[in-house]
Amino acid sequence: MLELKNITKKYGDLSILNDISLQIEKGEIVSILGPSGSGKTTLLNIILGITDVTDGRILYDGEDITNVPLEKRGFNIVFQDYALFPNLTAYGNIVYGLRNKPDISTKKDVDDLVKLLGLEEHLEKKIDQLSGGQKQRVALARTMVMKPKILLLDEPLSALDGVIKESIKDKIKEIAREYSLTTIIVTHDPEEALTLSDKVLIIDGGRIAQYGTPGEIVHTPANNFVENFILNQLEIKRSNIFDLFGRKVS
Ligand code: ADP
Ligand code: MG
């Protein structure tokens, strides 16, 4: 349903993305995985519609949306730093987008989402009274009440750790499944990508290194970059992750 065809992005002479082609089906969770500076955020912003392409096309349900502005694409993003309004309560932030479009979500839709994300107790708090995990959940709720056709997340877990990280990861999965929501997540953490998504797009220097299921990537890495990137980054977690996919690590 979302198709990228030969996407290329240049800033001046500098090539940021090279010939990126891929297809994402409705309801799939896809991670964009790669080292810092590999072009992940640029690709996400191109899909969102805030960055234009130098070459290539974007199709949604077969329709060419390459030149469709972001507000008409109907996709929505949770930025890496959450970008919440500090002078509003958690609830004020969640319903902010509905001011001008009140028909998108009913009171019950909002309540259901608040419940799903476990935010009932925190609605009247100001943003600076919330923990990192709570802010992340508010940011997710704020985006979700707008019922995006595609949910984009830029490094949603990078500011979190331990138990909180795991619980947000579960919430993202739960929401994506509950709403059959196509979800695209940028991350530099292989463990996150492999455990969270249906498909993983690995990019290296603006080119696709591999696009496949977590199982395919672990069992049949397409090249040395994929093999090394995943192995090196996993380090201690290595045995766990490979156990998960039934692959022995020597
Ligand atoms: P990632 O999210 O994978 O860390 P980015 O997509 O943010 O990578 O950046 C990829 C490359 O593009 C980097 O080398 C970055 O410096 C460059 N870049 C990003 N935005 C711009 C811009 N507006 N102008 C020039 N170069 C940019
Ligand atoms: Mg980035």
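Both ligands and their constituent atoms are indexed starting at 1 by order of listing. The analysis underlying the following values was restricted to heavy atoms, covering all of them including side chains, and did not include hydrogens, waters or symmetry mates. Just so you know, these numbers come straight off a predicted model, no measurement behind them.
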- request: For the Mg ion (ligand 2), check which protein N, O or S atoms are under 2.8 Å away and list them.
  value: Thr41 OG1
task: Just need the protein heavy atom nearest to atom 7 (O) of ligand 1, so name the residue and atom and give the distance.
output: Thr41 CB, 3.7 Å
- request: Give yes or no for whether the N/O distance cutoff of 3.5 Å, strictly under, is met between Ile16 and ligand 1.
  value: no
message: Are Ile16 and Tyr11 packed together at the side-chain level, in the sense that at least one heavy-atom pair is separated by less than 4.5 angstrom?
response: yes
query: Does atom 16 (O) of ligand 1 have any protein heavy atom closer than 4.0 Å?
result: no
- prompt: Looking at ligand 1, does Ser36 have a heavy atom less than 4.0 Å from it?
  reply: yes
field: Polar side-chain atom of Arg57 near backbone of Ile7 as donor-acceptor pair, under 3.5 Å
entry: no
query: Are any of the heavy atoms in Pro35 under 4.0 Å away from ligand 1?
result: yes
Closest protein heavy atom (residue, atom, distance) for atom 18 (N) of ligand 1: Tyr11 CE1, 3.9 Å
query: Between the side chains of Asp189 and Thr187, does any donor sit under 3.5 Å from an acceptor?
result: no
statement: Sorted by chain and number, sequence neighbours left out, side chain to side chain donor-acceptor pair (under 3.5 Å) with Lys72 holds for none
- request: Using the salt bridge (charged side-chain N to carboxylate O under 4.0 Å, His left out) rule, collect all pairs that involve residues 138-154, keeping only residues at least two apart or in two chains.
  value: Asp109-Lys147
query: Do NZ/NE/NH1/NH2 and the carboxylate oxygens of Asp55 and Lys9 come within less than 4.0 Å?
result: no
- request: Output every pair passing salt bridge (charged side-chain N to carboxylate O under 4.0 Å, His left out) with a member in residues 169-183, not counting sequence neighbours, ordered by first then second residue.
  value: Glu166-Lys169, Lys171-Glu174, Arg177-Asp198
- request: Name the closest protein heavy atom to atom 8 (O) of ligand 1, giving the residue it belongs to and the distance to 0.1 Å.
  value: Gly39 N, 3.3 Å
- line: When distances are taken from atom 10 (C) of ligand 1, the protein heavy atom at minimum range is Gly37 O, 3.5 Å
Backbone of Ile47 reached by a side-chain donor or acceptor of Arg73 within 3.5 Å: yes
query: When you check the gap from the basic side-chain N to the acidic O, do Lys115 and Asp111 get nearer than 4.0 Å?
result: no
- line: Of all protein heavy atoms, the one nearest atom 9 (O) of ligand 1 is Thr42 OG1, 3.8 Å
task: May I ask you to decide whether Lys199 forms a salt bridge with Glu216, counting only side-chain N to carboxylate O separations under 4.0 Å?
output: no
